[in-house]
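For the single chain, residues carry numbers from 1 onward in sequence order.
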Amino acid sequence: MDMYGISGYSNGYHQNQQQQHSSEEKRGGGRRRRGGRRSRHRHDFGVSDHHHQQQHYQNDEKQEQKSLPPCTDFDMAYFHSYAHVGIHEEMIKDRVRTDTYRAAIMEHQSFIEGKVVMDVGCGTGILSIFCAQAGAKRVYAVDASDIALQANEVVKANNLAEKVIVLHGRVEDVEIDEEVDVIISEWMGYMLLYESMLGSVITARDRWLKHGGLILPSTATLYMAPITHPDRYNDSIEFWRNVYGIDMSAMLQLAKQCAFEEPCVETITGENVLTWPHVVKHVDCYTIQHDELESVSTRYKFQSMMRAPLHGFAFWFDVEFSGPANSPTNNPIPSLLIGTSNNNHMDGVQKKKRAYPNEALVLSTAPEDPPTHWQQTLIYFYDPIDVEQDQIIEGSLTLSQSKENRRFMNIHLEYSSGGRSYVKESVMR
């Protein structure tokens, strides 16, 4: 008998009976957001409420699932870290994030009311509950982390057990016996693609979303720009030149390596940014495919708007909540940023202003916008480069999933300015 007084599942909720390995470790480092909500060992999951009974997929559907990514020890550690309440507290307390999602749900209430919704990576269930409050007929709240235990209790405490069905498992593994009208997910990681959770949204879309269905958010865009940040460099590096009157400059090389070897998640302002941003990757959630997440490459060319030391590059993203592609309310005017449905139509464009002709709701993590828990991701150089106004900064960037762990991101950055070329490689883990 489990904690709910049943041996199988209730209200579609299935508690995974296999215990996680004691050797699993939560990823350390408070500067990393998120920890896990995507995958678990394979089980047969079912849905149980007044309307539905468990159904087994046909052999061909099971064969299709065998091609989905297996659950690795890295995945298990990822999910385990998402069971910690602190991660969810941080996300929920991010008012920019949570209020924008709630506003997007209410803005698209006509697509949600009386319809079937899937929340991919539901966490504590807050977005699922927002959808139920907006009139959803049924919400499948899917999460591989043990936070699903609490989500189920939250749903019951709010008298929504008839509407919100918590499924404990991977989107790749759970089973439901109907298509869904809407998929909602807060899948974005640092630098947008870190953690690879977008793959689960793609899987849910391909398995269950009805033709003409709604995905929230609908698009996402990753940006980069060169930055100057003398205060940060002085605090971490120049500090060692004179410590209480003692010359500790022998610490400089080690200090640079420790401070700047890996990407840093910090908050900067628009004053730190030297140029208009460059679009690294545009994601159309209706069309993007799994293989596009394996590697993203772009070439960039910036022209500095001021004379300043160049300390590195900043990355941020925004996501847009617009209606289905065939909806008359989602017919944007073509522009540099909003054009064809080609998933790569924006890649490489320098954005000079944030214009959304269709006035879609946008959640932005840009330096000039209100801060979020994502902050910005910064790749610092070990040594700054002095640039003059109008000086060209150019090069290339490749982001690729780590072969060791697809949730990690390998970063290969080439840059040149003032006649000198450099390469910076790092791993976001």
Side-chain angles (χ1 to χ4, degrees), residues 37-39 57 60-72 74-75 78 118-121 142 144 170-174 176 179-223 279-299 317-327 330 332 337-349 397-403 405-412 428:
R37 51 178 193 215
R38 231 182 41 105
S39 221
Y57 280 92
D60 58 339
E61 290 172 318
K62 290 182 178 179
Q63 183 66 32
E64 178 184 345
Q65 279 203 298
K66 289 180 181 179
S67 65
L68 295 172
C71 183
T72 67
F74 289 113
D75 290 327
Y78 172 78
M118 174 171 283
D119 180 0
V120 178
V142 184
R170 298 202 307 169
V171 160
E172 290 84 350
D173 299 330
V174 298
I176 66 173
E179 293 183 315
V180 303
D181 302 281
V182 180
I183 291 174
I184 189 167
S185 179
E186 197 274 81
W187 54 265
M188 301 84 70
Y190 293 135
M191 218 167 171
L192 185 64
L193 300 175
Y194 171 64
E195 290 186 343
S196 302
M197 190 180 159
L198 178 56
S200 288
V201 177
I202 295 171
T203 297
R205 178 198 71 196
D206 294 346
R207 292 188 68 187
W208 295 300
L209 186 65
K210 289 181 180 177
H211 178 71
L214 173 66
I215 303 177
L216 296 176
S218 53
T219 63
T221 308
L222 174 64
Y223 304 95
V279 174
V280 175
K281 180 67 176 176
H282 178 71
V283 172
D284 182 339
C285 294
Y286 293 98
T287 61
I288 191 167
Q289 300 299 316
H290 285 283
D291 58 2
E292 295 180 58
L293 305 180
E294 295 175 1
S295 182
V296 172
S297 295
T298 187
R299 295 199 61 84
F317 65 86
D318 54 35
V319 296
E320 181 177 316
F321 300 84
S322 54
N326 62 351
S327 168
N330 186 32
L337 289 183
I338 307 294
T340 70
S341 61
N342 185 332
N343 199 53
N344 297 315
H345 76 276
M346 289 174 52
D347 297 356
V349 173
L397 171 75
T398 298
L399 309 176
S400 57
Q401 292 180 352
S402 170
K403 301 296 184 184
N405 178 1
R406 61 191 170 86
R407 299 189 186 280
F408 294 170
M409 182 187 293
N410 294 327
I411 302 169
H412 180 86
M428 195 162 193

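- Looking at His412 and Ser297, their side chains never bring a donor and an acceptor atom within 3.5 Å of each other.
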side-chain contact (heavy atoms from CB on, under 4.5 Å) between Asp181 and Leu214: does it pass, once the steps are laid out? CA-CA 6 Å; Asp181 302 281; Leu214 173 66; over 6 Å; no

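- Annotation: side chain of Arg406 is not in contact with side chain of Glu294 (no heavy-atom distance under 4.5 Å).
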Passes side-chain contact (heavy atoms from CB on, under 4.5 Å), Val283 versus Thr221? Steps please. CA-CA 6 Å; Val283 172; Thr221 308; over 6 Å; no

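- Of all the heavy atoms in Val120 and Ala204, the pair that sits closest is CG2-CB, 3.8 Å.
- For the pair Leu222 and Leu399, the minimum side-chain heavy-atom distance is below 4.5 Å.
- Closest approach of Met197 and Ser185 over heavy atoms only: CE-OG, 3.7 Å.
- In this structure, Tyr190 and Tyr194 approach most closely via the heavy-atom pair O-CB, 2.9 Å.
- A heavy-atom distance below 4.5 Å is found between the side chains of Val319 and Met188.
- Ser295 and Gln401 share no side-chain donor-acceptor pair at under 3.5 Å.
- In this structure, Thr219 contributes its side chain and Asp284 its backbone to no donor-acceptor pair below 3.5 Å.
- In this structure the side chain of Val142 never reaches within 4.5 angstrom of the side chain of Asp119, judged on heavy atoms.
- Rounded to the nearest 0.5 angstrom, Ile183 CD1 and Leu216 CG are separated by 10.0 Å.
- The main-chain N or O of Cys285 is found under 3.5 Å from a side-chain atom of Arg205 such that the two form a donor-acceptor pair.
- You'll find the side chain of Tyr223 stays beyond 4.5 Å of the side chain of Leu192, heavy atoms only.
- Taking the side chain as every heavy atom from C-beta outward, Arg299 and Leu397 never approach each other to under 4.5 Å.
- Looking at Tyr286, its side chain never comes within 3.5 Å of a backbone N or O of Ser218 through a donor-acceptor pair.
- Using modelled atom types, no side-chain atom of Ser402 and backbone atom of Phe408 make a donor-acceptor pair closer than 3.5 Å.
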Could you walk me through whether Trp187 and Ile202 pass the side-chain contact (heavy atoms from CB on, under 4.5 Å) check? CA-CA 11 Å; Trp187 54 265; Ile202 295 171; over 6 Å; no

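- Side chain of Glu195 to main chain of Leu193: no donor-acceptor pair is present (N/O by atom type, distance under 3.5 Å, no hydrogens or angles).
- Side-chain contact between Met118 and Ile184: absent, with no pair of heavy atoms (C-beta onward) separated by less than 4.5 Å.
- Ion pairing of Glu179 with Arg207 is absent here, as no side-chain N (NZ or NE/NH1/NH2) approaches a carboxylate O to less than 4.0 Å.
- Proximity of Val296 to Val280: side-chain heavy atoms (C-beta onward) are separated by under 4.5 Å at one or more points.
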